[in-house]
There are 2 protein chains.
Amino acid sequence: MNTKDRILDEALTLFSLQGVKGTSVKDIAGAVGIKDSSLYKHFKSKREIFDTIVAKMHERIGEMSNELGMSDEEGGRLAADFCGHLSLDELKKLVRKTFLFYLEDDFMARFWRVANMEQYRSPEVYDVYHRLFMEESIAYQTKLFSEMIEGGYLKAIDPAILAVDFYAFIFFLLDKYNGRPDEKDEALAVLDRQVEEFYRVYHA
Amino acid sequence: MNTKDRILDEALTLFSLQGVKGTSVKDIAGAVGIKDSSLYKHFKSKREIFDTIVAKMHERIGEMSNELGMSDEEGGRLAADFCGHLSLDELKKLVRKTFLFYLEDDFMARFWRVANMEQYRSPEVYDVYHRLFMEESIAYQTKLFSEMIEGGYLKAIDPAILAVDFYAFIFFLLDKYNGRPDEKDEALAVLDRQVEEFYRVYHA
DNA sequence: GTCTATAGTTAGATAGAC
DNA sequence: GTCTATCTAACTATAGAC
């Protein structure tokens with residue numbers, strides 16, 4: 001890992017623990033093991049470090065979407081495929097994968113916290129946080145459930161209602177268990193329990 | 001409103017918009033209309049202002065609990081009374097009241113944001129945020145649903161599962177619509193819709 | 001690409017006049 | 001209780017030697 005990437009990595013860690021304003025360039029440089037003045041050979045300002053992290057988050061989300069089959073081009077098709085053999089275990093597995101991505105991914109777990117802290121101070125972060133973690137997630141779930149209903153795998157309830165019901169507890173648990181690796185098993189147990197109940201009620 | 005209270009009020013507003021670290025004593029004093037040095041006649045430090053706000057939050061939550069009949073002494077009894085004549089409209093009304101308290105209460109809407117921002121930097125705020133907005137809320141809902149089930153007003157599903165399912169979408173919507181007064185009607189419409197679906201599925 | 005040194009600014013906080 | 005003046009410390013950022 002080169003110095004530039006190490007700066008970004010340490011900055012993200014410190015930002016997620018102390019906030020952006022609460023983290024000085026000296027703190028970041030110190031964590032990397034260089035002097036604060038040296039850091040300016042890699043980034044022209046603290047702001048540029050933060051902006052680079054936000055840009056990297058967009059990349060990482062794109063990768064994750066592909067990994068989970070949530071990309072724009074393939075989302076519909078994969079969802080349809082998924083519908084073809086929906087079982088409780090598969091649903092639990094998909095939810096666990098998404099959940100653990102946000103909870104444990106080296107980058108995302110820290111970024112989730114930074115986004116939470118900085119959303120009110122940065123319109124760009126507010127947009128990312130609300131669009132990505134709320135609107136788009138709900139939109140994706142709505143689309144998925146809509147197709148599942150069409151395929152006869154879920155009861156015919158308004159998919160938008162199902163989406164909020166389903167995504168809200170994932171969001172709540174992510175917010176609750178972020179930064180608490182010791183309670184991961186508890187988090188997954190609660191998650192599974194809620195998915196099971198959802199399946200029990202809405203599976204056709 | 002005396003100067004001391006005006007300082008607290010302006011500080012909370014600025015904290016909720018810029019974060020605690022992002023708000024200087026000069027900013028607060030300026031908003032009140034005095035010099036920063038004068039502010040120190042009322043509070044001995046910026047930290048003391050913040051701590052006072054946290055203390056006030058505890059008071060306000062106590063008042064709210066009493067207003068909504070969620071206090072420790074009366075919670076059980078009121079919940080039982082409430083069970084006695086449960087209707088969809090009453091459930092919607094109770095949820096709306098709680099929801100609007102957090103969304104629109106002069107103090108709480110701003111404090112919600114501050115708590116969100118400062119939770120990782122202040123163990124005390126982390127505790128308040130997670131205990132009050134998560135654990136205790138879930139515990140209250142669990143107790144309420146437990147009694148409703150005993151009274152035969154809800155289907156006999158594990159009340160802890162119902163509590164997470166029910167509270168999670170309230171929490172999600174609070175986080176989503178905080179600071180967006182223009183979209184209040186939309187927020188309430190979504191809220192009602194989710195409550196209706198919950199009632200439809202679980203009402204005995 | 002790292003260092004030392006330093007400029008320029010702003011922060012939190014105090015002293016003392018009125 | 002408010003002001004002006006001031007202190008000290010910390011912060012962002014730059015210049016220039018190696």
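Just so it is clear, the model here is predicted, and its values are computed rather than measured. These numbers come from the heavy atoms of this one structure, side chains and all, not from hydrogens, waters or symmetry mates.
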Discussion item. Taking the minimum atom-to-atom distance to the side chain of A:I34, which one of D:dC3, C:dC3, C:dA13 wins?
Written reply: C:dC3
Fill in: Under 3.5 Å: donor-acceptor pair, side chain of B:D27, backbone of B:S24
yes
Taking any heavy-atom pair under 4.0 Å as a contact, classify [X]: base, sugar-phosphate, or nothing.
X: A:K41; answer: base
X: A:S37; answer: base
X: A:T3; answer: sugar-phosphate

Just to confirm, is there a sub-4.0 Å distance from OP1 or OP2 of [N] to any side-chain nitrogen or oxygen of [X]?
X: A:S38; N: C:dC3; value: yes
X: A:K35; N: C:dC3; value: no
X: A:Y40; N: D:dA13; value: yes

To the nearest angstrom, how far is [X] atom [atom1] from [N] atom [atom2]?
X: B:L14; N: C:dG12; atom1: CG; atom2: P; value: 12 Å
X: A:K4; N: C:dT2; atom1: NZ; atom2: C1'; value: 17 Å
X: B:F50; N: C:dG12; atom1: CZ; atom2: P; value: 14 Å
X: A:L39; N: C:dC3; atom1: CG; atom2: P; value: 11 Å
X: A:K44; N: D:dA15; atom1: NZ; atom2: P; value: 15 Å
X: A:D36; N: C:dG1; atom1: CG; atom2: P; value: 17 Å
X: B:K46; N: D:dA10; atom1: NZ; atom2: P; value: 15 Å
X: A:K21; N: D:dA10; atom1: NZ; atom2: C1'; value: 12 Å

Worksheet item: For B:E197 and B:R200, what are the C-alpha separation, side-chain angles and deciding distance, and is it a salt bridge (Lys or Arg N to Asp or Glu O under 4.0 Å)?
Response: CA-CA 5 Å; B:E197 174 61 11; B:R200 187 187 72 75; 2.9 Å; yes
Worksheet item: Is it true that atom CG of B:D158 has more than 12 heavy atoms of other residues, nucleotides or ligands lying nearer than 6.0 Å?
Response: yes
Practice prompt. Would you mind reporting whether B:F169 and B:V195 have side-chain heavy atoms less than 4.5 Å apart?
Written response: yes
Worksheet item: Only one of B:F172, B:Y140, B:Y102 forms a ring pair (Phe, Tyr, Trp, His ring centres under 6.0 Å) with B:F133, so which one is it?
Response: B:Y102
